[in-house]
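To start, the structure itself, in structure tokens.
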Amino acid sequence: QVQLVESGGGLVQAGGSLRLSCAASGRTFSSYAMGWFRQAPGKEREFVAAITRSGGRSFYADSVKARFTISRDNAKNTVYLQMNSLKPEDTGVYYCAAKYTPIATMSSRLPSEYDYWGQGTQVTVSS
């Protein structure tokens, strides 16, 4: 069982920055690929970024590439999402998710492939 708790959301003006954190419980954090997803009102949950178990590889949605950076600290059981140059269309609830995998290079863009989810943190970008 893995419990995930997100933090760092808030209200920011367009062009601003936020850093989201996701703290995981348990001793096997390094066995999980991690992902960030977001959901805007009336829309489906969408992929934002993912990172492999060791942090050696990361993947991004085209809409956030070059603006967002995912990283992880396995010693602290935490994954981060640094969001720069925020736009109003980045508004939504941001969720972190954990996917157990024995494969070091594995990650996923599909919500259905993740095993555990946090409760979400609201990000609102004003224009």
Is there a side chain to side chain contact (heavy atoms under 4.5 Å, CB included) between K76 and F29 once you walk through the steps? CA-CA 9 Å; K76 296 183 177 179; F29 180 68; over 6 Å; no
Apply side chain to side chain contact (heavy atoms under 4.5 Å, CB included) to the pair S107 and K99, showing each step before the final yes or no. CA-CA 8 Å; S107 68; K99 170 183 169 60; over 6 Å; no
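- V79 and F47 end up in different hydrophobic clusters when Ile, Leu, Val, Met, Phe, Trp and Tyr side chains are linked at under 4.5 Å.
- A chain of hydrophobic side-chain contacts below 4.5 Å, direct or via other Ile, Leu, Val, Met, Phe, Trp or Tyr residues, connects V12 to L81.
- Listed here is the closest heavy atom pair of L4 and A98: CD1-N, 3.8 Å.
- Under a cutoff of 6.0 Å and an axis angle of 45°, R19 and Y80 form a cation-pi pair.
- A donor-acceptor contact shorter than 3.5 Å links the side chain of R53 to the backbone of T101.
- With V123 as reference, L20 is the one residue of T91, L11, L20 to meet the side chain to side chain contact (heavy atoms under 4.5 Å, CB included) rule.
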Starting from the C-alpha separation in whole Å, work towards a yes-or-no answer on side chain to side chain contact (heavy atoms under 4.5 Å, CB included) for L18 and L86. CA-CA 8 Å; L18 283 174; L86 282 161; 4.2 Å; yes
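- The two residues A14 and P88 make their nearest non-hydrogen contact at CB-CD, 4.1 Å.
- The two residues A23 and T78 come nearest to each other via the heavy atoms CA-OG1, 4.2 Å.
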Between W36 and C22, does the side chain to side chain contact (heavy atoms under 4.5 Å, CB included) criterion hold? Intermediate values first, please. CA-CA 9 Å; W36 284 98; C22 173; 3.7 Å; yes
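- Taking every heavy atom of both residues into account, Y114 and G35 meet most closely at CE2-N, 3.6 Å.
- D90 and K87 are not joined by a salt bridge, as no carboxylate oxygen comes within less than 4.0 angstrom of a charged side-chain nitrogen.
- Inter-residue side-chain proximity for Y116 and Y32 is flagged as met; some heavy-atom pair is nearer than 4.5 Å.
- Taking the six-membered ring where tryptophan is involved, the planes of W117 and Y95 are perpendicular, since the angle between them exceeds 60° and thus also 30°.
- Minimum interatomic distance between V5 and Q119 (heavy atoms only, all atoms of both residues): CA-OE1, 3.8 Å.
- Put simply, the side chain of M106 does not reach to within 4.5 Å of the side chain of T52, judged on heavy atoms.
- For the side chain to side chain contact (heavy atoms under 4.5 Å, CB included) with Y60, the lone residue among I70, V48, I51 that qualifies is I70.
- Heavy-atom contacts from other residues, nucleotides or ligands closer than 6.0 Å to CD of E89 number more than 12.
- In summary, of the residues considered (Q39, R38, Q122, E6), a side chain to side chain donor-acceptor pair (under 3.5 Å) with Y94 occurs for R38 alone.
- Across E113 and S108, no two heavy atoms sit closer than the pair OE1-OG, 2.8 Å.
- Rounding to the nearest 0.5 Å places CG of D115 at 10.5 Å from CD of Q1.
- F37 and F59 fall within the same hydrophobic cluster, where Ile, Leu, Val, Met, Phe, Trp and Tyr residues are linked whenever their side-chain heavy atoms come under 4.5 Å apart, directly or through other members.
- Of the possible polar contacts, one joining the T121 side chain to the G9 backbone as a donor-acceptor pair under 3.5 Å is found.
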